[in-house]
Amino acid sequence: MKKWFSRYSQQIFLFAAMMAVCMILTAKSEYFLVWRNLRNILEANSYRMILAIGMTFVIASGVMDLSAGAMVSMCGVIMAVTLHMGVAAPAAVMIGILSGMAFGAVNGLLIHYTGINFFILTLAAGGMLRGVSLMITDGKPITKFGQEFIYLGIGRIGEIQLSVIAAFLLVLLSFPLMYHMKWGSYVLSLGGNREALEKSGIRTGCYRVGVHAFLGAAAAAARRRSRNRRRKR
């Protein structure tokens, strides 16, 4: 029990802090701890949850990616353009996710092999992606999406939106991936002591590229959700 608590002490502390905040808000308002309000909170923040999970892996590897927001924007533009070209909604979403993975992988490759500071590199990458997205759209919003695409973002199974289900599934997947699988252990080691990991014969470049590609996929998935949520409004 003591070993388990020591291993997950950070997670337990964060969960306890969140529960404390919820108790305070519940005491302040009788409408906080009701299903409708909790559902609204989850729906409003599901895309942030998805993006945060991707960023968690990047931070665990010892760096930051400041281009995450720009990747969200660029992947949204790619999905919108492909939809207007007549591509089916599931295929357009997959193209957006693959594009996000490609953008993230390029960041990972440049960080690993060029030695450029990750703050400078990802900040520059974010600026370029934002510029390209503005060039493609001419600074104008792209609208008129089909119902199939809208359903993928704000559709429901029962009373729960698909985006909320996707966010919780990603949480359930990422926990064992981070703490109970070799990939996650190497990612944590990469953030803790890269030199030791390299001397152990591990190809750290693969894991650097992998975490950034994962962030890119999460950015694309988050954009699909946030775009549809704004359309609903």
Side-chain angles (χ1 to χ4, degrees), residues 40 42-58 65-110 122-157 160-174 209-233:
N40 289 339
L42 290 173
E43 291 176 359
N45 293 281
S46 58
Y47 71 96
R48 294 187 179 95
M49 290 172 61
I50 293 171
L51 187 61
I53 292 167
M55 185 61 77
T56 297
F57 280 86
V58 173
D65 194 329
L66 302 182
S67 66
M71 283 194 286
V72 171
S73 175
M74 190 65 201
C75 290
V77 170
I78 291 172
M79 282 188 268
V81 170
T82 53
L83 283 168
H84 279 262
M85 291 172 60
V87 178
V93 171
M94 185 56 63
I95 290 171
I97 291 175
L98 292 175
S99 299
M101 292 179 68
F103 297 144
V106 170
N107 280 345
L109 283 169
L110 292 175
T122 57
L123 184 63
M128 288 188 289
L129 288 174
R130 287 191 183 90
V132 172
S133 64
L134 286 173
M135 289 174 60
I136 294 173
T137 62
D138 196 24
K140 300 175 182 178
I142 303 176
T143 58
K144 298 181 180 179
F145 304 112
Q147 290 298 317
E148 186 180 13
F149 179 72
I150 295 173
Y151 177 79
L152 291 174
I154 59 176
R156 295 178 182 275
I157 296 180
I160 304 177
Q161 278 191 356
L162 292 175
S163 58
V164 176
I165 296 174
F168 275 98
L169 287 176
L170 190 57
V171 170
L172 293 176
L173 172 66
S174 62
V209 173
V211 292
H212 284 271
F214 183 72
L215 173 61
R223 182 54 174 177
R224 172 188 62 83
R225 160 60 182 143
S226 61
R227 174 177 289 276
N228 284 329
R229 179 170 175 265
R230 281 196 295 270
R231 179 175 175 83
K232 183 181 179 183
R233 288 178 174 176

Let me have the donor-acceptor pairs involving side chains of residues 75-82, under 3.5 Å, with sequence neighbours excluded, atom names and distances please.
{"residue": "Thr82", "atom": "OG1", "partner": "Ile78", "partner atom": "O", "Å": "2.9"}
{"residue": "Thr82", "atom": "OG1", "partner": "Met79", "partner atom": "O", "Å": "2.8"}

Do you know the tightest heavy-atom contact between Ile97 and Ala220? CA-CB, 3.5 Å

Could you tell me the separation between the CD atom of Glu43 and the CG atom of Leu162, rounded to the nearest 0.5 Å? 10.5 Å

What residues, two or more places apart in sequence or in another chain, satisfy side-chain contact (heavy atoms from CB on, under 4.5 Å) together with Leu172? none

I'd like to know whether His212 forms a side-chain contact (heavy atoms from CB on, under 4.5 Å) with Met71, so could you lay out the CA-CA distance, the side-chain angles of the two residues, the decisive distance to 0.1 Å, and finally the verdict. CA-CA 11 Å; His212 284 271; Met71 283 194 286; over 6 Å; no

For the atom pair CG (Asn45) and CG (Asn40), what is the distance rounded to the nearest 0.5 Å? 10.5 Å

Please report the closest heavy-atom contact between Pro90 and Glu148, naming both atoms and the distance. CD-OE2, 3.4 Å

Which pair of non-hydrogen atoms, one from Ala68 and one from Met55, has the smallest distance, and what is that distance? CB-CE, 3.7 Å

Quick note, side chain to side chain donor-acceptor pair (under 3.5 Å) partners involving residues 133-142, not counting sequence neighbours, are none

With sequence neighbours excluded, tell me which residues meet side chain to side chain donor-acceptor pair (under 3.5 Å) with Thr122. none

Counterpart residues, side-chain contact (heavy atoms from CB on, under 4.5 Å), relative to Leu123 (two or more places apart): Leu66

Side chain to side chain donor-acceptor pair (under 3.5 Å): pairs with one or both residues in residues 95-108, sequence neighbours excluded: Asp65-Asn107, Ser67-Asn107

Sequence neighbours left out, what pairs pass ring pair (Phe, Tyr, Trp, His ring centres under 6.0 Å) with at least one residue falling in residues 70-110? His84-Phe145

Across all chains, not counting sequence neighbours, the ring-ring contact (aromatic ring centres under 6.0 Å, His included) partners of Phe57 are Trp183, Phe214

Here the gap from Met49 atom CE to Leu42 atom CG, rounded to the nearest 0.5 Å, amounts to 6.5 Å

Of all the heavy-atom pairs spanning Met74 and Leu129, show the shortest one and how long it is. SD-O, 3.8 Å

Distance-minimising heavy-atom pair for Ala219 and Leu51: CA-CD1, 3.8 Å

Roughly how far, to the nearest 0.5 Å, is CD1 of Ile136 from OG of Ser73? 9.5 Å

So which heavy atom on Val171 is nearest to which on Ser174, and how close? O-OG, 3.0 Å

For Leu98, check side-chain contact (heavy atoms from CB on, under 4.5 Å) against everything at least two apart and list the hits. Met94, Met101

